[in-house]
There are 4 protein chains.
Amino acid sequence: MIVTTPARSLRADAARNRELLLAAAEEEFVERGLDASIADIARRAGVAKATVFRHFATKEELIAAIVGSHFSALTAVARGLLESADPGAALLEFLTVAADGLQQQDLTFLQTASEGDSTVIALRDELHATVDSLVERAREAGAVRADITGTDVFLLICAPVHAAGFLPRPAPDLWRRYLGIIFDGLRPEGANPLPLPAPSWS
Amino acid sequence: MIVTTPARSLRADAARNRELLLAAAEEEFVERGLDASIADIARRAGVAKATVFRHFATKEELIAAIVGSHFSALTAVARGLLESADPGAALLEFLTVAADGLQQQDLTFLQTASEGDSTVIALRDELHATVDSLVERAREAGAVRADITGTDVFLLICAPVHAAGFLPRPAPDLWRRYLGIIFDGLRPEGANPLPLPAPSWS
Amino acid sequence: MIVTTPARSLRADAARNRELLLAAAEEEFVERGLDASIADIARRAGVAKATVFRHFATKEELIAAIVGSHFSALTAVARGLLESADPGAALLEFLTVAADGLQQQDLTFLQTASEGDSTVIALRDELHATVDSLVERAREAGAVRADITGTDVFLLICAPVHAAGFLPRPAPDLWRRYLGIIFDGLRPEGANPLPLPAPSWS
Amino acid sequence: MIVTTPARSLRADAARNRELLLAAAEEEFVERGLDASIADIARRAGVAKATVFRHFATKEELIAAIVGSHFSALTAVARGLLESADPGAALLEFLTVAADGLQQQDLTFLQTASEGDSTVIALRDELHATVDSLVERAREAGAVRADITGTDVFLLICAPVHAAGFLPRPAPDLWRRYLGIIFDGLRPEGANPLPLPAPSWS
DNA sequence: CATGAATGAGTTTTCATTCAT
DNA sequence: AATGAATGAAAACTCATTCAT
């Protein structure tokens, strides 16, 4: 359950509509892709089209709200795992939770459409920073190789689910296999030198 | 340089237009995504809209032609590498060439739209089979771990480029870093048991 | 004057547009035939193209609304004539009114395009049943020959107008002449046996 | 079998193509209505689209050729019946043959599209004149009522088939029933005075 | 002479967004 | 605040007709 916090507090019914709308939009985007129509989203939420625009001035704004909420949720998970006693296990757990969420509904394609939104950028940077900490701890604990950064891990979050997704009808947890392979690549054992240094985040 | 072979040989001018069209379509799809319009493609190719439909009866058919041509090209590369003396290096070279192509223009998203096309399916299966052979040889040579299959590698082809692509302004060859990490995950050294068996290709 | 009854009651302005649209569509269809374009209809009604589709999701739906409204109107006329004291005159009057309507604007060709619509079918069957009653009464009164059915008359409704229409520039009431001839063929006096039994209505 | 005589004599193969084209066009128009496409007609005739335009400069010209050929054929039939010993039976036979042709393929809708063509007008006038003679003889023999003209009959030619055509799935010879009724209306027995005088043919 | 290729104008329909109630 | 109505711009696709080979 994701709780989104709009800028100003809204009247109870308006707040409820906002949540209905976000939920309906997510479902519609998952089913129909980026071209899901505002009309269908409104119908699914049980409100009129114009009401969508009262809450989100633009389709892009609606998309940004969805993407942002997912970044927030993941950040919360990562923060929780920062307390974990086993930093290596914590990192793997984070990637597992993230992949599991993506498997249930891959909304990655929405990121492209919300690239410019400043709120999204802020939330993404926040997630990125938290992952940095998670990886830092794992590296210090010797659970991942020394030449790996938080940015590397951040960029690889979606890889297992996407790899599995190229199979015509993949088993629902096939991504675990590819997370296994990729995580082995992150381990210190048997690591070969990488051809390029780690990128800096923006 | 990709050479596409239309079903029947065309008059010289028509063949030229076909190539112009495919090139224009690729560029347009790269820039605008799946929703690139036929009108824009036609304009870019310097022909009339109806000419696009003369060559490709449907937008889907045009997409299928593009996707198919890329599968063919990759298959050719993979076939050539089957002769290589060093099977491990050959596999890495294949993944490198594939990623390099994707980096220049990622048309992965077109695959979804051409999923039903039988020609595309045939070409994809051909590529898949060739990758199978490539991996088989690498496994026998001890260059990749024993529990890895051709299907695994096939599914991971795009991962390095996609990972790099999540960075706001990635260096053009950043994918090499992630190919390094993932390839390390495919190596026998330091391999941990995988949580799921390899999938069978449909 | 035809009053159309939309499924649900609309806002005043929408109702007005609906009527404008139906009127414009009728005129356009009369002038240009079945291929009258939605664009022209919209222009004539003074609304945007998309407004047409808001009222009638499909060109077929628009056609069905027109055809249906005409069936309804004729049914109302026929019902009124069922009360008439002279059943023979009532039948002739019905055919006269029907032909007069067709003469002003023959939309028969729209029937083909709305053949599948269930509402139209229902309204047509209703008209047919009412004509059945009208003919029944006329037959019992000896005003039409015994071997004539309501279906026969129903099928012959358009004949007078169509016959007159084959003349290059027919007088506006020339159809009355052909209604006279055909009605004479329906009369008991001088009737010859018919070569085929009456058809059953589906 | 209808033989059409083009203005100038053509080379044997061209003449053959012309006939193929006319036949293909008729079939296509019967199946698809006025919107049958030149492309489909060309395909059905086994020639290229441009060849259609070599024979008929315009779609309208092609339609006119078809309509004209049918008028010619009917005129030939009517001329033959002018020799008949029984003028009343001859007229009925003419209407029967005409209706039978229409029933097999109703191309009436093509007339509208060829209204302006002078050749068609000439052929139609020729048919009209012949029908005039046919009716004249029948009237003199007392087989039809005195107030009926050739023009009347000409206008009523299509009525039986069209009436039958309003039935959802009419028996193939149902038109005979309506020809019976209408012809009874043309007979002297039981004739009522007509409300309008006969029209003059343009 | 016949053809395959090309085209411009047109078709129905959809959609994000604005407006009036 | 919420809605149903309206809209302009665009999309994929079709067709009669012309042009180059």
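Naming: A, B, ... by sequence-line order, numbering from 1 per chain.
- Side-chain N or O atoms of T58(C) include none that pairs as donor or acceptor with a backbone N or O of E61(C) at under 3.5 Å.
- Looking at which nucleotide of DNA chain F each of V47(C) and R54(A) is closest to, the 5′-most match is held by R54(A).
- Side-chain proximity of A50(A) to the nucleotides dG4(F), dA5(E), dA12(F) is greatest for dG4(F).
- Distance from the side chain of F53(A) is smallest for dT18(E) among the nucleotides dA12(F), dT18(E), dA5(E).
- Side-chain proximity of A48(C) to dT7(F), dC13(F), dC19(F): nearest is dT7(F).
- Closest to the side chain of K59(A), from the set dA16(F), dT13(E), dA16(E), is dA16(E).
- Between R32(B) and E27(B) there is no salt bridge, since none of the side-chain N atoms of the basic residue sits less than 4.0 Å from a carboxylate O of the acidic one.
- In this structure, the side chain of T51(A) does not engage the main chain of V47(A) through any donor-acceptor pair within 3.5 Å.
- For H55(C) and dA6(F), the shortest distance from a side-chain N or O to OP1 or OP2 is below 4.0 Å.
- Between T58(D) and dA16(F) there is no side-chain N or O to OP1 or OP2 distance below 4.0 Å.
- Among the heavy atoms of the strands lying under 4.0 Å from S37(D) are primed sugar atoms or P, OP1, OP2 only; no base atom is included.
- Of the listed nucleotides (dA11(F), dT7(F), dA5(E)), dA11(F) has the atom at the smallest distance from the side chain of A39(B).
- Residue contacts for A42(D): at a heavy-atom cut-off of 4.0 Å it reaches no nucleic acid atom on any strand shown.
- Using a 4.0 Å heavy-atom distance criterion, N17(C) is classed as a sugar-phosphate-only contact.
- A salt bridge does not link E28(C) to R43(C): none of the charged side-chain nitrogens sits closer than 4.0 Å to a carboxylate oxygen.
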